[in-house]
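Structure first, commentary second.
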Amino acid sequence: MGEKSKKSEYKRIVAKFGTNLLTAGTERLDLEVMATLVGQVARLHQQGREVIIVSSGAIAGGRQQLGIAKERKDVPSRQVMAAVGQNALMHSYEQLLGGHGITVAQALLTKADLSDRLGYLNARNTLLALLELGVVPIVNENDVVAVDELEGTAFGDNDNLSGMVANLVDADLLVLLGDVAGLYTADPVKDKSARLIPRVDRIDEGIEHLAGGTRGRGIGGMATKIQAARLATASGATVVIADGREQDLLLRLAKGESIGTLFPPATTKIESRKRWMLAGLATKGRLVVDKGAVVALKEQNRSLLPAGIKAVEGDFKRGDTVDIVSEEGERGKERGEFEKIACGISNYSSRELAVIKGARSDRIESLLGYGYGDEVVHRNNLVVL
Ligand code: GLU
């Protein structure tokens with residue numbers, strides 16, 4: 001029962017509209033679909049809720065305006081289409097939300113902007129200030145500059161971007177709307193016995209597998225939706241994946257009705273600085289730790305000491321953010337894929353850790369000739385997943 005009352009308290013909502021939804025599966029933006037979604041956003045707004053829209057459709061809109069064949073998918077063409085289409089997209093939102101007396105704002109983000117702590121804070125402050133003014137921010141990736149997908153500086157997909165936005169503004173609810181009803185036990189197109197999974201309490205390997213692995217786009221783009229859900233739930237938000245074509249979907253979800261697949265928050269609300277670390281935007285390396293360290297961090301709220309570190313990966317400086325992964329678990333043993341259990345700010349560089357790993361803290365000074373304290377990651381600078 002706590003559940004129901006809690007759900008209806010969604011105050012700050014991030015709603016992501018996917019391309020397939022906005023185009024109704026065609027080659028052009030479908031204004032009727034957009035009007036229906038915007039009408040719901042306007043209602044939520046009237047109810048005193050804050051809404052941020054993460055909207056795809058720039059590339060689709062630009063393609064339509066420029067008459068570029070759907071086969072053209074190379075990055076430079078996509079950037080050209082996005083530059084043209086973003087304008088058309090915003091124009092539609094401005095007209096539609098304007099019709100409800102609501103002002104819109106555009107926020108184009110890239111991963112590189114946010115990986116910088118200051119950039120993260122600026123983006124966050126701007127979005128929060130807009131919400132304060134009763135404006136509906138419309139976010140998209142800045143496709144024009146975000147080229148370096150391979151180097152990891154681009155989001156590349158708006159699912160991950162929306163998870164990031166939910167993290168950024170400390171959202172209560174992230175709704176990922178596409179044209180699939182949610183996460184299924186199998187591909188519903190191929191397998192008639194596939195069933196919708198109404199609730200996922202923990203995003204584990206099995207869930208990732210259902211979504212088509214962590215790398216591919218999977219069933220209806222499920223893989224990236226699960227990645228977004230992982231970040232947003234770890235940041236304290238509830239996440240719902242649902243079919244945006246359902247009648248009054250956003251309104252019903254905001255009231256706490258269960259539709260699609262729901263992922264409850266994996267944590268209570270955490271402070272902004274820790275959410276930024278969690279987003280992994282600036283993570284420079286990994287510390288592989290032993291079982292004792294996992295227990296100390298996860299169950300005893302302790303700091304990470306050098307003694308528990310088995311291996312150090314990456315090249316990082318003192319003060320950089322690192323992931324802390326467990327050497328335990330099947331994945332680690334079989335495939336060298338370690339489970340991330342925490343992240344935090346390292347007091348020692350990767351070079352220093354290569355020397356002191358496995359050692360007792362009282363030996364740090366004799367090994368290095370100096371020391372920055374007993375802890376490699378102090379518990380105040382640590383976020384446990
Ligand atoms: N940023 C792209 C666009 O606006 C969409 C990327 C995605 O759909 O994931 O067209």
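Residue numbers start at 1 and run along the sequence shown. Each ligand, and each atom within it, is numbered from 1 in the order the structure gives. The shown structure was predicted, so the numbers you read here are calculated from the model rather than taken from an experiment.
- Between D243 and R245 there is a salt bridge, since at least one side-chain N of the basic residue sits less than 4.0 Å from a carboxylate O of the acidic one.
- A donor-acceptor contact shorter than 3.5 Å is absent between the side chain of R63 and the backbone of E27.
- If you look at D143 next to ligand 1, the close heavy atoms, those under 4.0 Å, all belong to the side chain.
- Salt bridge status for R302 with E375: absent, with no side-chain N to carboxylate O gap under 4.0 Å.
- Residue-to-ligand polar distances place A58 within reach of ligand 1: an N/O pair is separated by less than 3.5 Å.
- Of the heavy atoms in I59, both backbone and side-chain atoms come closer than 4.0 Å to ligand 1.
- Between D157 and ligand 1, not a single N/O pair is under 3.5 Å apart.
- At least one heavy atom of G57 sits under 4.0 Å from some atom of ligand 1.
- A salt bridge does not link R12 with D172: every distance from a Lys NZ or Arg NE/NH1/NH2 to an Asp or Glu carboxylate oxygen is 4.0 Å or more.
- No side-chain donor-acceptor contact under 3.5 Å links E365 and Y372.
- The shortest N/O to N/O separation between S55 and ligand 1 does not fall below 3.5 Å.
- Of the heavy atoms in N140, only side-chain atoms (C-beta onward) come closer than 4.0 Å to ligand 1.
- Atom numbering of ligand 1 starts at 1 in the shown order; those under 4.0 Å from a heavy atom of T19 are 8 (O).
- Residues forming a side chain to side chain donor-acceptor pair (under 3.5 Å) with D362 (at least two apart in sequence, or on another chain): R360.
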